[in-house]
Amino acid sequence: MAPDLRRTPSSHVHKVWWIAFAAASLLFIATAGRGAQWQDSGLHQVRIITNNIANSFGIATSHPLHFYLGRLFYICLPVEPGFAISILSAVAASIAVANVLLLVLRLTHNHWASVIAAITLALGQTFWQHATHTESYALVAALLTAEWLCVERILSTRRNRWLIILFFLNGLGVSNHMLAGLASPIDAALLIIVIAKQKSRWRIFAGCAIAWCLGCVPLLEYMFRDYQAGGDLAATIRSTLFGTFADSVLNTSISIRSLAMGAGFIAYNFPGLAIPLAVYGIYRGRTTCPIALRRLLIAEAIIYVLFVMRYAIVDQYSYFFVIYLFVAVFAGLGIGRMNTWMQPRAWRVAIGITLVTSLWTPAVYWMTSRFLERRHIMSAAAGNKPYRNGYRVHFVPWGAGDDHADELNQKIASVVTPDASVIVEDPMIAYGIQYAQSLGRLADSVKVVVANDVPDVRSYIANAIGNVILVPRDRDHPQIEPELPWRRDGDIYMLSK
């Protein structure tokens with residue numbers, strides 16, 4: 001049986017947090033992407049390097065807190081800029097892992113339950129992917145799990161300072177990503193319940209409101225500047241809440257396809273015992289988790305599940321990571337509950353099996369990628385983009401060793417001439433090329449344009465001064481003016497003039 005930690009000094013518990021943080025940091029930093037990236041990650045990198053907080057998709061996608069912290073990491077770390085910015089994700093994800101471990105440890109007083117919960121989260125495919133790429137999601141996880149620790153402290157100590165810290169953290173979360181706003185109503189309900197019978201309720205309420213506003217300062221400052229520039233308050237608020245994705249955010253339908261994809265991604269992230277343990281933890285973990293905290297976690301889980309399942313965007317799977325936070329915590333509670341009734345020998349067997357199935361995920365991801373690639377299964381989803389192995393990108397979480405964006409940039413730099421034009425069919429690829437240009441690795445005189453942004457591509461090519469380079473969406477089937485005498489060079493196409 002695991003030792004009872006109820007009387008363990010808090011300094012020991014905090015030491016365990018630091019050990020978990022260090023171990024997760026070592027894993028995530030070692031496997032983080034080392035350079036340029038495509039898609040939203042590439043856009044974030046370019047914005048951070050060029051010190052341009054604006055995002056063409058709206059304020060909701062500007063993620064001010066992530067932007068400013070990214071600038072700090074970019075300026076302070078003497079490594080490749082793309083790597084430095086991705087280290088922010090690694091650190092934030094490590095905080096989330098350590099927070100989950102500490103929360104489960106405080107609730108179950110069981111080391112094994114907390115360790116397995118932390119490993120389950122850390123080695124989950126989507127979470128690991130967010131931890132090793134330039135994204136704001138790991139920061140979402142760090143702040144949300146920190147909120148849960150505050151709630152546990154509120155219920156355990158009855159100290160109002162934890163309420164104020166909770167709202168400050170939620171404000172920071174909103175400054176980072178609007179996903180944090182989904183937890184705000186639950187936090188507000190907790191505040192009302194906790195202070196209902198307190199004499200100094202209005203003082204506490206005011207303190208929480210001020211703390212929340214202070215956390216929101218990075219976002220409020222950007223909103224103020226946007227309003228000053230445009231003079232339309234309604235437009236600024238709409239951009240803050242939805243960006244250019246209002247239809248997707250407000251979508252109320254859930255398709256069978258979305259449900260199937262959601263189930264598939266959840267199973268892929270937890271190819272072991274985490275799901276049944278989490279279900280067990282939800283229904284039987286009430287003895288290890290305070291009722292109020294359990295209800296809060298379940299309420300937030302329902303809100304996030306409903307939001308993610310009907311959020312109809314291309315990379316919908318990337319938002320499932322927030323669900324995995326709940327799975328890890330409830331799986332830990334499930335293990336803690338099992339410890340209360342199992343015999344020592346059966347308990348050791350159960351822990352051994354759970355630990356093995358938590359640790360085998362890296363092998364599962366790698367073998368799945370290789371299996372699908374060899375049999376050309378899901379080839380449409382993998383794509384055929386230049387220099388990129390789509391199977392690896394989609395099914396293997398770590399960014400280290402995946403250098404397709406840098407390989408493309410190096411190829412372009414080796415063949416480009418002054419005043420050349422680089423036409424990119426896929427705007428998500430263009431961000432990776434702009435990364436090289438923002439660092440001076442591609443001359444400013446080289447024009448990088450997205451094909452869809454050019455009204456008349458044929459006329460643009462005819463008037464181009466230097467050579468023309470085409471970066472196709474499909475490396476074997478370029479779509480831009482296919483009748484022109486393009487000459488393939490690697491995975492790009494050239495039209496010398």
Q: Under the side chain to side chain contact (heavy atoms under 4.5 Å, CB included) rule, what do V91 and F21 come out as? Steps first, then yes or no, please.
A: CA-CA 8 Å; V91 171; F21 172 76; 4.1 Å; yes
Under-4.0 Å salt bridge between [X] and [Y]:
X	Y	result
E407	K411	no
D426	K385	yes
R488	D476	yes

**Q.** Whether over 12 other heavy atoms sit under 6.0 Å from F205 CZ
**A.** no
Q. Does a sphere of radius 6.0 Å around CH2 in W212 hold more than 12 heavy atoms from other residues, nucleotides or ligands, not counting ones at 6.0 Å or beyond?
A. no
Locate the shortest heavy-atom distance separating [X] from [Y]; write the atom from each residue and the value.
X	Y	result
F127	V97	CE2-CG2, 3.7 Å
A274	A331	O-CB, 3.7 Å
A36	G432	CB-O, 4.1 Å
C208	F167	O-CB, 3.5 Å
S239	G58	OG-CA, 3.4 Å
H133	W398	CE1-C, 4.2 Å

Examine distances only and state if a side-chain atom of [X] and a backbone atom of [Y] form a donor-acceptor pair shorter than 3.5 Å.
X	Y	result
D491	R475	no
S89	A131	no
R388	G383	no
E425	I423	no
S62	A54	no
D489	I492	no
T134	H44	no
Q45	G35	yes
Y391	I377	yes
H394	A381	yes

Q) Can T31 and W128 be said to form a side-chain hydrogen bond (donor to acceptor under 3.5 Å, both in side chains), step by step? A) CA-CA 9 Å; T31 58; W128 193 351; 3.2 Å; yes
Decide yes or no for [X] and [Y]: does some side-chain heavy atom of the first lie under 4.5 Å from some side-chain heavy atom of the second?
X	Y	result
F326	E300	yes
W162	E152	no
W17	I95	yes
L72	I85	no
D226	M223	no
V327	L121	no
F57	L43	yes
V424	V448	yes

Can you measure from [atom1] ([X]) to [atom2] ([Y]) and round to the nearest 0.5 angstrom?
X	Y	atom1	atom2	answer
M178	L241	CE	CG	6.0 Å
T50	L439	OG1	CG	10.0 Å
H63	I53	NE2	CD1	10.5 Å
L149	L103	CG	CG	5.5 Å
S421	L495	OG	CG	10.5 Å
L88	R71	CG	CZ	13.5 Å

(Q) Can you see whether S86 engages E135 through a side-chain donor-acceptor pair at a distance of less than 3.5 angstrom? (A) no
Q. Does a donor on one side chain and an acceptor on the other come within less than 3.5 Å for E481 and Y460?
A. no
Q. Please walk me through it: do E221 and Y68 pass side-chain hydrogen bond (donor to acceptor under 3.5 Å, both in side chains)?
A. CA-CA 12 Å; E221 184 271 338; Y68 291 123; 3.3 Å; yes
Q: Among Y268, F270, F395, find the one that has a ring pair (Phe, Tyr, Trp, His ring centres under 6.0 Å) with Y365.
A: Y268
Q: Just do the side chain to side chain contact (heavy atoms under 4.5 Å, CB included) check on R487 and M494 with the steps written out, would you?
A: CA-CA 5 Å; R487 176 176 59 84; M494 301 185 62; 3.7 Å; yes
Q) Checking side chain to side chain contact (heavy atoms under 4.5 Å, CB included) for the pair N384/R473: CA distance, chi angles, key distance, verdict? A) CA-CA 7 Å; N384 194 37; R473 186 187 303 270; over 6 Å; no
Q) Taking only residues two or more places apart in sequence or in another chain, which ones pass salt bridge (Lys or Arg N to Asp or Glu O under 4.0 Å) with R370? A) E373
Q) Passes side chain to side chain contact (heavy atoms under 4.5 Å, CB included), D453 versus V449? Steps please. A) CA-CA 7 Å; D453 296 338; V449 298; over 6 Å; no
Q. What is the ring orientation for W38 with H404, classed by angle as parallel under 30°, tilted 30 to 60°, or perpendicular over 60°?
A. perpendicular
**Q.** Check: F321 ring centre within less than 6.0 Å of Y137 ring centre
**A.** yes
Q: Go through the steps for S136 and N176 under the test side-chain hydrogen bond (donor to acceptor under 3.5 Å, both in side chains), then give the verdict.
A: CA-CA 7 Å; S136 59; N176 174 60; 4.6 Å; no
